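Step one of this worksheet: look at the structure below.
These values consider heavy atoms only, across backbone and side chains, with no hydrogens, waters or symmetry-generated copies. One-based numbering along the sequence shown. Every value quoted in this text rests on a predicted model; they were computed, and no experiment measured them.
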Amino acid sequence: MKSILFVLFIALFGLSVKAQSKLAVVQKEKAAPVYITRTIDSEIITELAPGTFVYTENSTQNLVNIQFFSTKNGELTEGFVEKNLLFVIENKKANEKKIFYKNFLETFITNANKNKIDIKTLDYNYNLLSSYITEQICETKDSELLVKFVESLASISTYLDEKQEFTLAELLICMQNSFIDSLNAIPNINEKRALTNHLITGLKDYYAIDDVEDPTHKEFQKNYLLIKKITF
């Protein structure tokens with residue numbers, strides 16, 4: 001399962017990512033130079049800071065093709081970077097991905113609590129990675145990662161849109177009991193209430209329902225009743 005978030009994100013920015021591309025992140029301590037051609041002597045287009053998300057190809061060559069969202073012109077840009085500077089998420093084992101996701105979420109939560117969340121960063125990095133985190137949680141039933149992810153969503157409850165609302169619905173459906181426990185563990189009442197309201201909207205979208213009182217959709221009603229049991 002690749003989350004609908006990924007599809008919505010691509011549509012939102014009008015990106016045309018190559019089918020064979022894989023999501024990766026610049027992982028070294030210093031910026032990664034982006035070359036205009038596949039040679040170390042070619043012109044450097046720009047430098048990408050550590051933590052920048054890109055798409056890359058499967059290649060055995062030292063310089064690999066990448067596509068990245070340019071903050072300068074708001075467009076998808078292509079170039080080449082050294083392969084060893086990238087952490088290719090899909091090529092890693094589940095435990096390696098978990099560590100990466102957990103570190104990313106902890107940093108994100110810290111920045112959110114300090115009101116240092118940039119809306120462009122939220123729209124790009126967080127939304128993009130959310131689909132991969134959701135996929136891992138639902139495939140591995142990782143309750144620890146789930147708790148951290150729900151905490152991150154609570155930290156930005158003011159900014160949540162339909163993409164994150166749909167994510168909440170997916171998490172509830174794939175890990176009901178653990179997800180409800182994660183929601184109940186949120187200490188801030190306002191964040192918990194906001195997240196719960198976003199969850200209901202996400203479930204309505206997931207099941208394509210307009211009226212929460214509609215008794216004809218049993219799966220929706222079952223999940224809706226679970227939400228109503230959340231303690232405030």
Quiz item: Aromatic rings Y126 and F104: how do their planes relate, parallel, tilted or perpendicular, breaks at 30° and 60°?
Solution: parallel

Quiz item: Between F220 and Y207, how do the two ring planes meet: parallel, tilted or perpendicular, split at 30° and 60°?
Solution: perpendicular

Do you know the tightest heavy-atom contact between [X] and [Y]?
X	Y	answer
E57	L63	OE2-O, 4.5 Å
F87	E96	CZ-O, 4.2 Å
L153	L168	CD1-CD2, 3.6 Å
V81	P33	CG1-O, 3.5 Å
Q27	N84	NE2-O, 3.5 Å
S59	R38	OG-NH1, 4.0 Å

Exercise. With sequence neighbours left out, write down each residue that passes salt bridge (Lys or Arg N to Asp or Glu O under 4.0 Å) with K98, or none if nothing qualifies.
Key: D142, E144

Quiz item: Among all residues two or more places apart in sequence or in another chain, which pass the side-chain hydrogen bond (donor to acceptor under 3.5 Å, both in side chains) test with T46?
Solution: none

Rounded to the nearest 0.5 Å, what's the gap from [atom1] on [X] to [atom2] on [Y]? Could you check?
X	Y	atom1	atom2	result
K148	S143	NZ	OG	12.5 Å
Q136	Y132	CD	OH	12.5 Å
H198	T196	NE2	OG1	10.0 Å

Practice problem: Run through K228, H217, Q176 and flag the one making a side-chain hydrogen bond (donor to acceptor under 3.5 Å, both in side chains) with N223. | Solution: Q176

Practice problem: Please step through side chain to side chain contact (heavy atoms under 4.5 Å, CB included) for the pair F108 and I156, ending with a clear verdict. | Solution: CA-CA 10 Å; F108 186 89; I156 55 168; 3.6 Å; yes

Practice problem: State, with a plain yes or no, whether a side-chain heavy atom of F80 is found less than 4.5 Å away from one of V64. | Solution: no

Quiz item: Testing I44, L48, V26 for side-chain contact (heavy atoms from CB on, under 4.5 Å) with V34, which one passes?
Solution: L48

Quiz prompt | Intermediate values then yes/no, side-chain hydrogen bond (donor to acceptor under 3.5 Å, both in side chains), E82 and N62 | solution = CA-CA 6 Å; E82 294 179 59; N62 292 330; over 6 Å; no

Self-check item: Same cluster (ILVMFWY, side-chain, under 4.5 Å), V147 and L172
Solution: no

Quiz item: When hydrophobic residues are tied together by side-chain contacts of less than 4.5 Å, even through go-betweens, does L23 share a cluster with L105?
Solution: yes

